There are 2 protein chains.
Amino acid sequence: MAPADRESERPVRADARRNRARILEAAEAVFAEQGASAATDAVAERAGVAIGTVFRHFPTKPDLLRAVVMSLQDRIVAEADAMVRDQDAVTALFEFCSLIMSAGVTHRDVFERLAETGVQARVSDALARLRSAVDVLLERARDGRAVRADLSTDELIALLAAVCQEAIADDWSEEFRRRALDLLFDGIRPPGSR
Amino acid sequence: MAPADRESERPVRADARRNRARILEAAEAVFAEQGASAATDAVAERAGVAIGTVFRHFPTKPDLLRAVVMSLQDRIVAEADAMVRDQDAVTALFEFCSLIMSAGVTHRDVFERLAETGVQARVSDALARLRSAVDVLLERARDGRAVRADLSTDELIALLAAVCQEAIADDWSEEFRRRALDLLFDGIRPPGSR
DNA sequence: TTGTGAAGTCGAGCAACACTCAGGTTACTT
DNA sequence: AAGTAACCTGAGTGTTGCTCGACTTCACAA
């Protein structure tokens, strides 16, 4: 019998893990500089590995691009998640939405260039990973009568994602972003609460 | 002196115009079947012309894809434009938004496949071409006290485009689409008008 | 320490694709 | 009918995503 079948899988070799990280880092830099249409060779060179290694870790180019997006989203998600834990006010939901939009617009150039090659960085995906956090915020807001009672988490996420996505795509100014959220929230508020 | 300098450009040759139309038609069919990553050869073959001809009319592949999108949008825009002229009720604005969303979702598969190669079929572009129509509808709605007075055409277009875009990307059901519009409009209505 | 095998790396090479261009063809003008 | 510019053709070029068999390195055990 195998000595240690914990997880039933052997641990990833150290050099492999190191190379993976290097490639990801290089890819982010290269794609940010030259756009998503940059050749994979460039990524390999910058990472200090051969082409084959890149394709071993990320079998296809979309896979690599997706990984870059995920790694970016991870940071945003972590940031948003931390914020939720700090805030306790009823307005936290609004602030949260505002933060998500700002974060998206900040990394706009990278998302934009990635989109050129057909890799969508869907805001709704990022928000889906924050579903439990949104749930908490929404329930608190409902209790505080800050939003209408019949609003579901799915609906909130969908609308927020929609506005966010467009804000990124069209590079809305901060003023315009705030105005959009205001309009959105006025519709979300319960009747007669203005 | 030139005999007829009307437009100062010679008319396009008949065969060229014919070929352009054929290529566009073929491209729409091929991309709908095989996705936007289909080779340009396939389009040329289907259109019954040589590769060079395709690239003469559409110098780059994104150009071709964009042209396909434009031709699709043209139909939707025409449909929406006709609707605006017929309707006269205050609810026309809502119906208009509903139509735009439906049209987008109907052609979802084509837009989706085009997006794979990085060609965005932006709803906001289509709406920008309908700006004057939206303007009319919005003014009517404002006069009828159906929307708040401080809502600008740009804001309306931006929000509508955002929701539409997401509806297409996430393939919202008709029920969900209606719900989203309801939420959006409740926020657009003037204070105390529910 | 040293042997062993699997996991990882390497990079020349292949296939597919976007795009070019020199030469032949066709549609308009006079 | 003749001239000419626009148009079409399709083999060819350069680039890119990806493969694969030979080689190397790590992890673990004896």
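Remember, it's a predicted structure, so these values are computed and weren't measured experimentally. Per chain, numbering begins at 1; letters A, B, ... match sequence-line order.
- Rounded to an integer number of Å, the gap from B:R66 CZ to C:dA18 P is 15 Å.
- Listed by chain and residue number, nothing satisfies the side chain to side chain donor-acceptor pair (under 3.5 Å) test with B:D41 (two or more places apart in sequence, or in another chain).
- To the nearest angstrom, C1' of C:dA6 lies 10 Å from CZ of A:R56.
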Inset, instruction - Would you mind building the protein contact string for nucleotides 14-19 of chain D? One character per nucleotide, 5' to 3', B for base within reach (heavy atoms under 4.0 Å), S for sugar-phosphate only, - for untouched. - result: ---SBB

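- Rounded to whole angstrom, the span from the CZ atom of A:R20 across to the C1' atom of C:dA7 amounts to 16 Å.
- A straight line from CG of B:D15 to C1' of C:dT26 spans 6 Å, rounded to a whole angstrom.
- Residues A:F58 and A:L65 have side chains not in contact (no heavy-atom distance under 4.5 Å, counting atoms from C-beta outward).
- In the interface, the side chain of A:R13 is not paired with the base of D:dA27 through any donor and acceptor atom under 3.5 Å apart.
- Judged as a side chain to side chain donor-acceptor pair (under 3.5 Å), and not counting sequence neighbours, the contacts of B:R46 are B:E33.
- The side chain to side chain donor-acceptor pair (under 3.5 Å) search around A:S98 returns none, not counting sequence neighbours.
- Rounded to whole Å, the distance from CZ on B:R18 to P on D:dA6 is 18 Å.
- Distance from the side chain of B:T53 is smallest for D:dT9 among the nucleotides D:dT9, C:dC10, D:dC7.
- Within the structure, every side-chain polar atom (N or O) of A:N19 is placed at least 4.0 Å from both OP1 and OP2 of C:dG8.
- The side chain of A:H57 places an N or O atom within less than 4.0 Å of a non-bridging phosphate oxygen (OP1 or OP2) of C:dT9.
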Sequence neighbours left out, cut at 3.5 Å: what donor-acceptor pairs do the side chains of residues 158-176 of chain B make with other protein atoms?
from	atom 1	to	atom 2	distance (Å)
B:Q165	OE1	B:V123	N	3.0
B:E166	OE2	A:R122	NH1	3.3
B:S173	OG	B:F176	N	3.1

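- Under a 4.5 Å side-chain heavy-atom cut-off, the cluster of Ile, Leu, Val, Met, Phe, Trp and Tyr residues that includes A:F55 is completed by A:I51.
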